[in-house]
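Single-structure report; data block below.
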Amino acid sequence: MAKLTNPLKLLLSKLPPMPSQPPTHEARRNTLLQLAGLIGVAVLVHFQIANLSIAVFALAIFALKTTIIMGKLSIPPRLVMMVLTIASLGMVIYVYGGWNGQRAGISFLILLVALKFLESQSLRDYYIVCLLLYFLGASSFLFNSSIANIIIVIIYTVVITSILLQISNPAKVSHKDTLKTSASMIAKALPLAIILFFFFPRIQANFGFLPSFDKSNNASSLSDSLVAGEMASSAFNNELAFRVEFTGGVVPERSQMYWRAKTMPVERNFQWSVIEPEPKDFIVASKIRRLDKLKAGPWHYQILHEKSNDKYLPYLDYISGSSKGLTLPDYSVYRVRPEAGAFSYQGSSTATSSSPENIVASFAAPSDRSSLLALKSKPSAKLQRLLNQWRDGAADDAEVVERVYQYFESNPFMYSLLPPSLDENEPLNDFIFNTREGYCEHYASAFTIIMRMLEIPSRVVVGYQGGTAVNDNQYIEVRYSDAHAWSEVWVNGLWQRVDPTATISPERINYGMDALMELWESGLLGSNDTGRALANLLNPTGFSKMLNGLQDSWKNAGYQWNKWVVNYDFNTQRQLLEKLGVEHRNSVAVLVLLMASGALALLLFYFWQLVPRNIKRSETQAQYLRFVKKFKRFQLEKEASETPKEFARRAAASFPEHAIEINDITQTYYRLRYNDRAEGREASFGRLKVLVKKFKLTR
Amino acid sequence: MKKLDALFEQLNSIILGKPLATKLAVVCLLARGHLLIEDIPGVGKTTLAHALAKLFGLPYKRVQFTSDLLPTDIIGMTIFDMESKKFHFKKGPLFTSILLADEINRATPKTQSALLQAMEEQQVSVEGRQLPLNDPFFVIATQNPLEQSGTFPLPESQLDRFLMRLSLGYPGDEFEKKLLLGQNKKNDVSTVFSSEEVAAMVKQAEQIHASDAVVGYLQTLLARTRDCGQFINGLSPRAGLQWLRAAKALAYVEGRDSVLPDDIKLLASYTAAHRLHCNDGSDSTDALNELLAGVEVL
C-alpha cells in the first residue's frame, strides 16, 4: 500500500535512466549561448509558419533555458519537463486539430527543439538539438523553395555546423576557425549533393508519410464557381499561376491561347459552378487515356505549375494529350490528389474540338442535353422579346449564336475591371439592358444563359487567356490576373468556343492582360487614344525597354530555377538524362549506373592518390622547365630522375653547338636553386630568365 | 685546391684508371668516414690505403685479419714490465690515423666488433679507461667477396659504420699494360698535406652548404628506402647524416661551395647500398638504382 500512496514516484522510478554523461568535456557556456541565439532566430523565422501561440510558448521555453545557462542554474525537474511536453502536445492538437498537415508538423518540431534544448545537459543532448535544427532548416523548403531561401538555409547550416564543431571540441576554438571549417565542409559536400540531386533515381510515387497539404493554405487558385464580380478582383493578383514552354516548335497565336481549367455546366442566378466528376466520368476518362490519337495536335507544351491545391489542371484548348490527371468528357483535367508543392506536366492540343476522326469530339458530345440547358434564371419580358427576335428566321443554331454575338458587338457594352454590382433579383436583365459594363465573367455568364434560353446546349469555361511571353517566346508566364471566362456552345455537332469578351475588349484577347492593365491604369481603356497607348506599350523604347529586359532576365532565372530545381521530378530527370544521351528505361538501370560510376570514381580517386602530386614549382624551376621544354621538339626530354647536370650533358651531346648555352643555363639554375645562400640571387634569376628566353635550338 | 689536384695527380698515377674510386676514397677521408673496399685480392686495395696515408702525411698501420686474430691484437694490451715493476699499456695498431684492416671478413666476429667502438667513437675502452684515438682516424677495410671460403660476413651494425663501400675492380686494358710495364710510380710518393691541413680541410668540407632543395631530395630518397617495401630495413638517420656529409666532402673536393643533387645521386650506391638488404636477397645496388630512377630531381 505504501507504494500506491505515491504513484507518481513509482511512475518516475520506472522511467529509463538518464543518458550517461560522456566523460570527455562539457559544452562551454559561450557556445551554448550561441546555440540559444540560433534557436531563437530559427523559431522567429518559423513564426510566419507556426501559430502565434505556439511560437510564443516555444520562445518562453527558450527564454527559460537561456536564463538557466546565464545563471548556471540546474535544469527543471523531470516532472516539470513532462508537464511542459504534454502541454505542448496538447497545444498542437488544440490549434491544428490533429497531427496532419505541414503546419502542425513544423509547430511540433519547433516545440521539440525548444523542449530538447531546455532538457539538454550533456554533450549528446546538444548534438541532438543541433540535429533537430538541421531538420528544421530543411523543413523550410516545404513552404519556400526560392533561390533566396536556399541561400539562407545554406548559411544557417554553416552556422549550425560551426556550433556543432565548437561543442564537440574540448579545446577552446575561435569562431572564425570553426566557421571556416564548417563552410569548407559544406562547400565540399555541395557538389556531391548537386550531383545526387540531379542523378539519383527519382521515385515516381507519392509518399504516404509526407505531411499532407494543408487545407488552409493560402495558395491562389481559381474558384470552383463563377460569381459576377469575383474574378475581376483577381485582375490585380499578379501572382504566377504557371509557366508554359512550347516544346513542339509551334506556338499558337495569343488569341488562340485559351487555357481551360474548369468547365462549369451548372447555373444558379447568374452564377456558375463545376460539378465534381462522377464515377462514370472516370470510366470515360480511362477510355480516353487509352486512345493513341490523343497524342495528336500541333501544339506540344510543358507546364510548370506553381503550388496549387486546385484539382483541375489548366491545359490549352482543345486538349489532345496529357501527362497528368484524368481528362474528363468536358475537356477539363482532374487530378485526384494535389501535390504538396509545384509540379510539372506535358500536354498537347489542337485548335478545334472537331473533325470526324477526332475521338475527343465523340466523347465530348453532350450525353445529357437537358442538363446543358437547365437554367435557374428566367428571362424578363423585355429579354424574351429579344430572344424571339434572335430565334425568328434563323436557319440553324450557328446563325442564332452569331446573332447574339452581333448584339453584344453592336450595343455599347463596356469592359471594366470594376464593374457595378447587379440587381440581385434580375442580374441578367440588369446587365443586358442597364449597366452594360462588366468583366469577362459577366459576358461569359450572360452569353451562356442566353444560349440556354435559346435552347442551345452551352456552358461556361473558366481558365486563363494569353500570358506574358518571356525571353522571346522561350516560355509564357500565366498569372492569376490572366484568369478568364468564356462560353462554349454545342453547334453543328461539336463544341465551339465563343468569347463575348473578345468583341467587347479585343485588346484583352489580342495583347493580353498586361496591356489591358496598362491601359486601365492610364485611364485610356476604351478611349480614342487606346491605339497609340497600346503601340507605346508593345514597342517600348529606351529606359522602359532596358527595364523590360532586366525584368525578363530575372523572370528567366526564376523560371530556370523552378524548372530544374523546384519542379525537378521523375519526368524532368528523364528529360535531362535523355539530353545527356542516357536511355532512361527504369530507375534500376540508373541506380546501377550510379553505383558503377561511384565505384569507378572511388577507384580513380584511389589511383589518383598514388600519382605523385603536382608539386608547386618555384619561379626558378618554372624557368628551367621552360628551357627543358625547348628540347621537346627534338625528341629530347628530361627524365624526372635525371639531374639537371645529367640532362645538360645529354643535351650538349645532342646539340654540341649549344653546349655553352646549355651549360650556362644549368650552372645558373644550379646556383639559384642549390646555393640559396649565394648573393645576387635576383641578378642571377634575371640572367636565367634572359638566357632561357634567348635560348633557341636549331639543328 | 691546387694541393688537392696535386694529390689526385699522384694518387691516380699509383692507382691507374680508377679516378672515381680514388676521389671517393679521399671524399670518405675528408668526411671523417671509414671506407670498406670489397674486392678480390690483388687489385690494389692495400696500395690505395698506403698511398692515401702517405699523401696525407698521416701515420699508417696495417693489420692482416685472420681467423685467429684477437681483439688485443689490434687494440693493444697491458703488460707487466719486469724492469719498472709496473703494468703498462702497449698500444696496438689501432692507435694510428689510417688503419688498413686487410681482409676484415676473415677475422671472427669477436675481433671484428673490437673495431666497432673505435670506428664510431674514435676512442677505445681498455680496462675501464677511455683511450682516445688519433684525429683523424680513418679505417680502410678490405674484404673478399663473401663467396670465398673461410669468411665471416660483417654484422649489419658494423657495415653501418662504414661511410662507403667501394670496389676497385680490374684495371682497363690500357692501364693494366701500364701497370705491367711498371709505369706507375708506386715508390716515389711525396706527402702533400700536413695533418693540420687535413684537419682544416675536414672542417672546411663540413661547412659546405646544403640547400633545402638538396636536403629535400635526400629526405625523399631516405623515406623511399623505408616505405618502398623492397628492403628489409630502410636507411637509418645515421646513414642519411653520413650520406650528406659525404656529399659535402664531394662538393668540397670538386671545388664547389654547395651540395648538388648530382652529389647525392652519385654517392647513393657507395654510401647507401651496403647498408640495405633486399627482401628477396637480390642485389641492393640494383634496387637502389631503381629507386633513384623513381625520384624526381629538379
Side-chain angles (χ1 to χ4, degrees), chain A residues 607 609-632 636-653 662-682 684-685 688-689 691-692, chain B residues 20 23 204-225 227-230 243-244 246-270 272 285-298:
Chain A
F607 282 111
Q609 275 199 319
L610 293 183
V611 171
R613 228 21 45 83
N614 219 353
I615 311 150
K616 222 176 163 188
R617 307 292 192 191
S618 68
E619 272 186 324
T620 318
Q621 284 176 308
Q623 285 297 331
Y624 180 72
L625 286 174
R626 267 182 65 190
F627 159 73
V628 169
K629 217 173 161 186
K630 295 191 179 188
F631 290 92
K632 213 168 182 174
L636 191 71
E637 279 185 64
K638 179 183 172 297
E639 279 167 40
S641 66
E642 214 171 12
T643 66
K645 213 178 194 174
E646 286 166 339
F647 175 71
R649 208 170 297 141
R650 210 152 57 87
I662 292 169
N663 281 329
D664 204 358
I665 289 171
T666 309
Q667 289 294 330
T668 316
Y669 172 67
Y670 262 172
R671 205 158 36 245
L672 277 164
R673 177 131 175 88
Y674 294 108
N675 195 357
D676 42 18
R677 284 195 313 199
E679 283 169 20
R681 291 176 58 76
E682 267 162 48
S684 291
F685 182 67
L688 180 67
K689 232 168 139 176
L691 281 172
V692 171
Chain B
L20 182 62
K23 189 195 264 180
Q204 280 170 19
E206 276 173 0
Q207 300 299 316
I208 295 290
H209 173 62
S211 61
D212 283 352
V214 97
V215 170
Y217 176 56
L218 178 61
Q219 268 189 307
T220 315
L221 290 176
L222 291 175
R224 280 290 176 87
T225 64
D227 61 22
C228 73
Q230 265 189 301
W243 193 344
L244 186 61
K248 283 180 176 179
L250 180 60
Y252 176 75
V253 165
E254 292 193 342
R256 280 183 276 111
D257 55 359
S258 59
V259 180
L260 294 184
D262 300 85
D263 301 331
I264 303 284
K265 212 175 164 185
L266 175 76
L267 288 167
S269 54
Y270 302 105
T285 313
D286 294 343
L288 195 66
N289 283 334
E290 212 172 277
L291 188 145
L292 280 170
V295 177
E296 195 193 29
V297 200
L298 196 66

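Quantities reported herein were computed from a predicted structural model and do not represent experimental measurements. In the text below, chain A, chain B and the rest are named by the order of the sequence lines, each starting its count at 1.
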Applying side-chain hydrogen bond (donor to acceptor under 3.5 Å, both in side chains), can you list everything that pairs with A:Asn675, at least two apart in sequence or on another chain?
B:Asp257

Can you measure from CG (B:Leu260) to OG1 (A:Thr666) and round to the nearest 0.5 angstrom?
11.0 Å

Closest heavy-atom contact between A:Tyr674 and B:Ala213?
CE2-CB, 3.5 Å

Take atom NZ in A:Lys689; do more than 12 heavy atoms of anything else shown fall under 6.0 Å from it?
no

Can you pull out every salt bridge (charged side-chain N to carboxylate O under 4.0 Å, His left out) where at least one residue sits in residues 204-217 of chain B? Sequence neighbours excluded, please.
B:Arg32-B:Glu206

Which portion of A:Tyr669 sits near chain B, non-hydrogen atoms under 4.5 angstrom
side chain

Heavy-atom pair with the smallest gap, counting every atom of B:Arg256 and A:Lys645:
NE-NZ, 4.3 Å

Considering only distance and modelled atom types, tabulate donor-acceptor pairs under 3.5 Å from the side chains of residues 620-627 of chain A, sequence neighbours left out.
{"unit_1": "A:Gln621", "atom_1": "OE1", "unit_2": "A:Ser618", "atom_2": "N", "d": "3.0"}
{"unit_1": "A:Gln621", "atom_1": "OE1", "unit_2": "A:Ser618", "atom_2": "OG", "d": "3.4"}

Can you name the nearest heavy-atom pair linking B:Val297 to A:Ser641, along with the distance?
CG2-O, 3.3 Å

Short side-chain to backbone donor-acceptor contact, A:Lys638 and B:Leu298, under 3.5 Å
no

Cut-off 4.5 Å, heavy atoms of chain B, and the answer for A:Glu646 is both

Among residues 286-295 of chain B, residues within the sub-4.5 Å heavy-atom range of chain A, in order of number, are B:Leu292, B:Ala293, B:Gly294, B:Val295

Would you say A:Tyr670 and B:Ser211 make side-chain contact, with heavy atoms under 4.5 Å?
no

